[in-house]
Amino acid sequence: MAAVLRRGSVLRLRLPAPVWLPLRGGGRAICSSAPRHGDSECFTPTLSARLAGLSYPELQQMSREDPDTFWGSIAQERLSWTKPFERVQDCDLDKGQVRWFLGGRLNVSVNCLDVHAQTHPERVALIWERDEPGTEVKVTYRELLESTCRLANALRSHGVLKGDRVAIYMPVSPLAVAAMLACARIGAVHTVVFAGFSSEALAGRIQDAQCKVVVTCNQAVRGGRAIDLKTTVDAAVRTCSSVKHVFVAQRTSSPAPKGDLDVPLEEAMGRESADCPPEPMDSEDPLFMLYTSGSTGKPKGIVHTQAGYLLYAALTHQCVFGYRPGDVFGCMADIGWITGHSYVVYGPLCNGATSVLFESTPTYPDPGRYWEVVERLGINQFYGAPTALRLLLKYDESWVTRYDRSSLRTLGSVGEPINHEAWEWFHRVVGDGRCPLVDTWWQTETGGVCIAPHPAEDGAPIVPAMAMRPFYGVEPVLLGDKGECLQGPGVRGALCIKKAWPGLARTIYGDHQRYLDAYFKPYPVPFAFLVLKDGEQTQEVILKELRLLVATKIAKYAIPDHFLVVKRLPKTRSGKIMRRILRTVPGGQAGALGDTSTLDDPSVVTEIIAAHARYKEEQKKKKKSS
């Protein structure tokens with residue numbers, strides 16, 4: 001049985017056959033043709049000595065037909081092991097069993113720090129682009145290793161042991177990265193919570209994970225504003241009996257409110273040694289948990305483990321973005337999201353890269369901030385979100401063109417589908433039409449990029465706003481209603497991924513059955529929510545067009561039975577639609593919405609519930625009249 005990865009966004013990929021496959025909202029897909037946009041140069045690195053000399057098609061074939069040789073040879077050469085693994089994989093998706101590099105032992109922080117500090121101690125690991133323009137701070141691998149060891153020793157001194165959970169509620173900073181790596185060094189499991197979430201959201205995650213320690217700052221600084229973090233943490237831990245200590249770092253000079261559990265972080269680190277023996281970890285020991293919103297209202301603690309996740313993050317970082325030694329990699333994501341974990345911290349540092357930590361906003365102090373940073377730091381790969389791009393394209397192009405962007409070689413898009421207007425602007429204006437733009441599809445559960453235009457053969461086309469090609473070892477399939485595999489142009493079915501890959505999440509913390517139900521079982525046909533633009537055609541005309549579009553592009557059986565017109569959709573502060581609320585209302589579970597604290601405007605929920613109630617009354621009247 002294939003793994004069903006449910007995603008409400010637009011998924012587009014290229015299958016081995018010469019067809020293009022768009023996937024929309026409900027998880028159904030149809031094959032169709034697509035135009036050629038242009039050729040792109042693709043950097044194909046040597047993945048391992050065993051795989052040297054193989055072409056891209058040969059690598060793709062081996063990754064699917066002989067995954068043990070493919071992944072085994074890469075893992076042996078690219079990761080530093082304290083004990084070699086004995087078996088490459090043991091996976092059974094029917095049981096939700098995903099295990100890689102069995103019997104092996106290693107430490108992730110050693111692979112991200114020690115191996116580089118030993119050979120290139122003064123190489124810059126992190127460039128902290130602080131909120132204040134022009135005040136960047138560079139941290140070498142030697143310095144980051146020292147900070148990580150001191151912080152790891154401070155955690156140990158305060159009773160944090162292997163397997164304990166540590167919550168990190170911090171802004172983007174080298175100290176936040178050190179906190180993540182310090183947990184990895186001593187075998188603790190970190191759960192980073194975005195430092196914009198409410199005390200209720202933070203408390204829910206701490207309680208579910210039973211965190212022993214919280215690491216935070218007095219304040220965060222973003223867009224010229226200081227934001228209190230310690231007060232949020234204090235409110236959260238009042239309901240979290242598992243928390244024994246709260247480590248508090250100073251981002252600003254403003255004093256933080258004092259609590260009985262507080263430990264000044266810089267002082268604690270100053271008392272500790274800069275040497276911390278790393279804990280040997282089994283390949284399948286948990287590395288971190290990252291919470292996503294759940295359909296039941298209870299956030300899901302997605303668990304990623306050691307070796308498989310690290311290898312996949314590092315390999316996708318290199319192959320998708322064309323990373324080369326000496327490059328400056330600029331991922332604009334917050335470390336509170338999976339993008340920040342994989343492509344700000346673990347992937348780049350495992351590869352010995354220089355990674356940019358962006359603390360500010362795209363428009364502070366003006367709409368040219370991103371591109372001024374590209375010029376000043378000499379960024380070679382720029383990885384950003386369509387939400388930010390759509391915001392910036394509203395401004396005059398001179399905010400981009402006034403800055404030198406010649407250092408850029410690759411552009412990347414992440415987080416949601418990118419529309420054609422934003423894609424064209426990003427490619428033409430920011431990249432001067434010369435940089436390949438990789439629209440990446442993946443999510444928290446996948447650990448790293450699963451579908452993207454690169455890697456590919458040299459000269460392979462990139463189609464605007466399409467993710468296009470599955471990564472090595474990722475095998476998409478179309479399934480019919482009875483679970484049968486469908487092939488050939490024009491076929492319709494549910495898009496699934498056939499086999500496990502090393503970066504796949506292993507479970508939901510404390511609830512493996514929920515993991516099975518969420519990702520490995522079928523799901524119903526979608527209920528459609530519509531937001532109409534002012535001045536558009538009548539609702540009846542639009543609904544007729546939508547039904548025709550679904551029938552043509554997907555399948556007649558995929559046409560939703562219900563279309564609900566609403567004024568707006570529930571979105572988080574980062575602009576993402578909170579789909580679990582949309583799933584809950586039609587199911588008659590409006591009273592069990594769960595945590596809505598991360599919504600930009602929670603009042604939208606009341607609007608949707610009221611609209612649904614009116615819709616139900618209208619449906620009743622229609623039935624009576626018929």
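The analysis underlying the following values was restricted to heavy atoms, covering all of them including side chains, and did not include hydrogens, waters or symmetry mates. As the structure is a computational prediction, the values presented were derived from the model and not from experiment. All residue numbers refer to positions in the sequence shown, counting from 1.
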Practice item. Please check if atom CD in Glu132 has more than 12 non-hydrogen atoms from other residues, nucleotides or ligands closer than 6.0 Å. Key: yes

Review point. Partners of Phe321 by ring-ring contact (aromatic ring centres under 6.0 Å, His included), sequence neighbours excluded?
Key: Phe329, Tyr343, Tyr383

Practice item. List in chain and number order the residues that pass side-chain contact (heavy atoms from CB on, under 4.5 Å) with Ala385, two or more places apart in sequence or in another chain; answer none if no residue qualifies. Key: none

Review point. Is it true that His341 and His190 have ring centroids separated by less than 6.0 Å?
Key: yes

Point to revise | Lys/Arg N to Asp/Glu carboxylate O, Glu372 vs Arg402, below 4.0 Å | key: no

Practice item. Any salt bridge (charged side-chain N to carboxylate O under 4.0 Å, His left out) involving residues 596-605? Give me the pairs, sequence neighbours left out, ordered by first then second residue. Key: Arg568-Asp601

Check your understanding: What pairs with Phe471 under ring-ring contact (aromatic ring centres under 6.0 Å, His included), at least two apart in sequence or on another chain?
Key -> Tyr312

Review point. Is Glu475 salt-bridged to Lys499, going by a charged N under 4.0 Å from an acidic O?
Key: yes

**Study point:** Side-chain heavy-atom pair Arg469, Tyr56 within 4.5 angstrom cut-off
**Key:** yes

Practice item. State whether Arg409 and Asp327 are salt-bridged, where the test is any N-O pair (Lys NZ or Arg NE/NH1/NH2 against Asp/Glu carboxylate O) under 4.0 Å. Key: yes

**Study point:** ring-ring contact (aromatic ring centres under 6.0 Å, His included) partners for Trp425, two or more places apart
**Key:** none

Point to revise | Lys/Arg N to Asp/Glu carboxylate O, Lys138 vs Glu129, below 4.0 Å | key: no

**Study point:** ring-ring contact (aromatic ring centres under 6.0 Å, His included) partners of Phe529, counting only residues at least two apart
**Key:** Phe527

Review point. Does any donor atom in the side chain of His562 or Tyr615 lie under 3.5 Å from an acceptor atom in the other side chain?
Key: yes

